[in-house]
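A short write-up of the structure that comes next.
Letters A, B, ... are given to chains in the order of the sequence lines, protein chains preceding strands, and every chain is numbered from 1. Note that the coordinates shown come from a computational prediction; the quantities given were computed from them, not determined experimentally. Because only heavy atoms are used, hydrogens play no part in the values below, and waters and symmetry mates are left out as well, while side chains stay in.
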Amino acid sequence: MFALIDGNSFYCSCERAFDPTLRNKPIAVLSNNDGCAIARTNEAKDLGLKMGEPWHLASKRPELKPMIWMSSNYALYGDMSRRMYEVLCEFAPRVDPYSIDEMFLDFEGLPCDTVAFAARIRDRVRQVAKIPTCVGLGPTKTIAKLANKLAKHDRSGPGVCDLNDPAERIRRYADIPLNEVWGIGPATAAKLARRGIDSVAAFIRMPLDETRDLLTVVGARTHAELRGIVCFPFSVAPQTRKSIAVTRSLGRPVMTWVEMEQAVASYVTRAAEKLRRHGLHVTAMQVFIRTNEFNADPKYSNQSTFEIEPTADTMALIADALRAARQIWRDGFRYAKAGVVLLDLKEPGDLPEEMFPSRDPDRSARLMAAMDAVNLRYGRRTVTPATAGVQQGWSMRRQRLSPRYTTHFDEMLNVRA
DNA sequence: TCTGGGGTCCTAGGACCC
DNA sequence: TCTGGGGTCCTAGGACCC
């Protein structure tokens with residue numbers, strides 16, 4: 001049996017955990033660059049704020065006047081997620097984090113009332129990690145996800161929904177639209193709707209071979225899971241990462257190569273830090289730049305993907321990335337976004353020994369270790385490659401940022417008593 | 001002036017091989 | 001009028017997730 005626990009309006013709840021004046025208020029947390037709403041409290045949903053609504057439009061709507069808008073503070077959310085994880089580990093032998101705010105728990109063979117147990121976990125997370133949650137229970141991950149959603153929709157309910165009983169499940173399935181199901185997105189829902197299938201009940205009545213023909217193995221797995229057949233078991237070993245991306249909208253249009261060079265170099269710097277934190281080397285890279293997709297600016301978009309000598313060295317990666325970026329750069333455009341993706345990540349042990357390395361690997365490793373250590377101790381970007389620039393006029397907007405309560409001493413909460 | 005970022009998996013189709 | 005069959009590998013793009 002699976003349990004899925006999921007933070008309610010997670011980012012907003014994290015903000016509330018440290019600022020009680022935000023309770024019962026309509027809040028939205030904005031995406032990077034203060035672009036659009038990516039988390040809303042129930043109060044915000046009730047005012048009619050939609051997921052993904054651009055802030056510059058939403059903030060002009062009169063009915064959204066009472067909204068409190070906040071920039072996203074990922075340092076805080078990551079930390080709160082860790083706290084939640086630690087609490088869950090007290091209860092279940094296996095906890096499988098699925099996203100920053102969702103974790104699957106292994107409830108197999110629990111000798112107790114699982115619904116009551118789930119309620120206790122919820123209380124504890126609320127008390128210790130200060131995050132309100134809902135829990136869904138089911139024989140498969142897909143059903144547990146669905147149960148979680150039902151628990152969330154029932155705002156005045158107990159916060160726990162159990163879909164283990166097959167009869168109960170069939171009853172509920174009749175009223176659940178397909179877009180509520182994990183793994184069924186807009187394209188699949190539309191495909192099924194064209195065949196007159198618009199509820200979970202109708203979907204699971206579809207014959208398996210027909211499902212597979214229409215939706216390939218992906219849809220067939222979801223189909224089976226909804227019938228109670230496990231296709232997504234608990235992961236045995238944590239799989240290693242396959243790619244690392246750092247892509248950003250620029251805070252204002254960039255028109256000079258000097259600025260683009262800085263942006264790309266600083267994205268590479270960040271990506272390389274992540275790479276080393278995972279203890280990996282990279283053997284291929286992608287760089288892209290593009291103009292604004294929404295406005296009337298002349299459009300240009302290009303990317304370059306290429307193989308590189310395996311490395312985790314920031315300087316080497318910057319050199320490669322800038323060479324590629326220079327090739328796709330065209331003068332005369334207003335660039336709005338750029339990004340760097342590290343592909344084909346490898347464990348260093350899985351790489352063949354370089355016969356004629358272009359760098360001294362030991363020297364590079366020592367330099368990177370020193371850089372990471374300084375930045376860990378004194379804060380990100382204390383030491384940074386010169387190409388990444390100091391004046392970053394193009395960097396993203398975050399005008400409504402909350403303090404980094406949990407990760408910076410000088411921003412910690414002060415309590416006077 | 002302002003519309004996110006970071007992932008995974010699967011498939012179709014081309015290139016290539018014998 | 002006729003033009004094999006079977007296999008692998010790679011990549012671009014689609015779809016989905018939060």
Starting at atom [atom1] of [X], determine the distance to atom [atom2] of [N], rounded to an integer number of angstrom.
X	N	atom1	atom2	value
A:Trp55	B:dT1	CH2	P	15 Å
A:Leu275	B:dG7	CG	P	11 Å
A:Tyr267	B:dG4	OH	P	13 Å
A:Leu280	B:dG7	CG	P	12 Å
A:Tyr11	B:dG5	OH	P	13 Å
A:Tyr98	C:dC18	OH	C1'	7 Å
A:Leu343	B:dG6	CG	C1'	13 Å
A:Phe288	C:dG13	CZ	C1'	16 Å

query: So which nucleotide does B:dG7 pair with, by the Watson-Crick or G-U wobble rule with both distances under 3.5 Å?
result: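 The answer is C:dC16, by the H-bond criterion.
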
Taking any heavy-atom pair under 4.0 Å as a contact, classify [X]: base, sugar-phosphate, or nothing.
X	result
A:Arg397	sugar-phosphate
A:Leu30	nothing
A:Glu102	sugar-phosphate
A:Thr188	sugar-phosphate
A:Asp101	sugar-phosphate
A:Val340	nothing
A:Ile184	sugar-phosphate
A:Val246	sugar-phosphate
A:Phe10	nothing
A:Asn32	sugar-phosphate

Under 3.5 Å side-chain donor-acceptor pair for A:Ser99 and A:Glu102: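 Yes - a donor-acceptor pair under 3.5 Å links their side chains.
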
message: Whether the A:Tyr300 and A:Trp329 side chains hold a donor-acceptor pair (N or O, under 3.5 Å, no angle test) is what I'd like checked.
response: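 There is no such pair (donor and acceptor under 3.5 Å, judged by atom type) between the side chains of A:Tyr300 and A:Trp329.
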
So does [X] get a side-chain nitrogen or oxygen closer than 4.0 Å to the phosphate oxygens (OP1/OP2) of [N]?
X	N	answer
A:Lys242	B:dG6	no
A:Arg248	B:dG6	yes
A:Thr247	B:dG4	no
A:Arg221	B:dC9	no
A:Ser99	B:dG7	no
A:Ser243	B:dT8	yes
A:Lys145	C:dC18	yes

Of the listed nucleotides ([options]), which one gets closest to any side-chain atom of [X]?
X	options	answer
A:Asn292	C:dC16, B:dC10, B:dT3	B:dT3
A:Pro186	B:dG5, C:dC18, C:dC16	C:dC16
A:Val217	B:dC2, B:dG6, B:dC10	B:dC10

- prompt: Is it the case that more than 12 heavy atoms not belonging to A:Arg227 sit under 6.0 Å from its CZ atom?
  reply: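 Enclosed.
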
message: Heavy-atom nearest nucleotide on DNA chain B for A:Tyr74 versus A:Lys274: which residue maps closer to 5'?
response: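 It is A:Tyr74, whose closest nucleotide lies nearer the 5' terminus.
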
task: Between A:Phe294 and A:Val218, just flag the one whose closest nucleotide in DNA chain B comes earlier from the 5' side.
output: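 Per heavy-atom nearest nucleotide, the more 5' residue is A:Phe294.
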
Return yes if some donor-acceptor pair links the side-chain N/O of [X] with the main-chain N/O of [Y] below 3.5 Å, else return no.
X	Y	value
A:Arg122	A:Pro158	yes
A:Glu53	A:Lys50	yes
A:Asp6	A:Val135	no

task: State the NZ-CG distance between A:Lys299 and A:Asp297, to the nearest 0.5 angstrom.
output: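 Going from the NZ atom of A:Lys299 to the CG atom of A:Asp297 covers 6.0 Å.
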
message: Roughly how many Å apart are B:dG4 and C:dC17, using the C1' atom of each and rounding to a whole number?
response: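 My reading of the C1' atoms in C:dC17 and B:dG4 gives 15 Å.
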
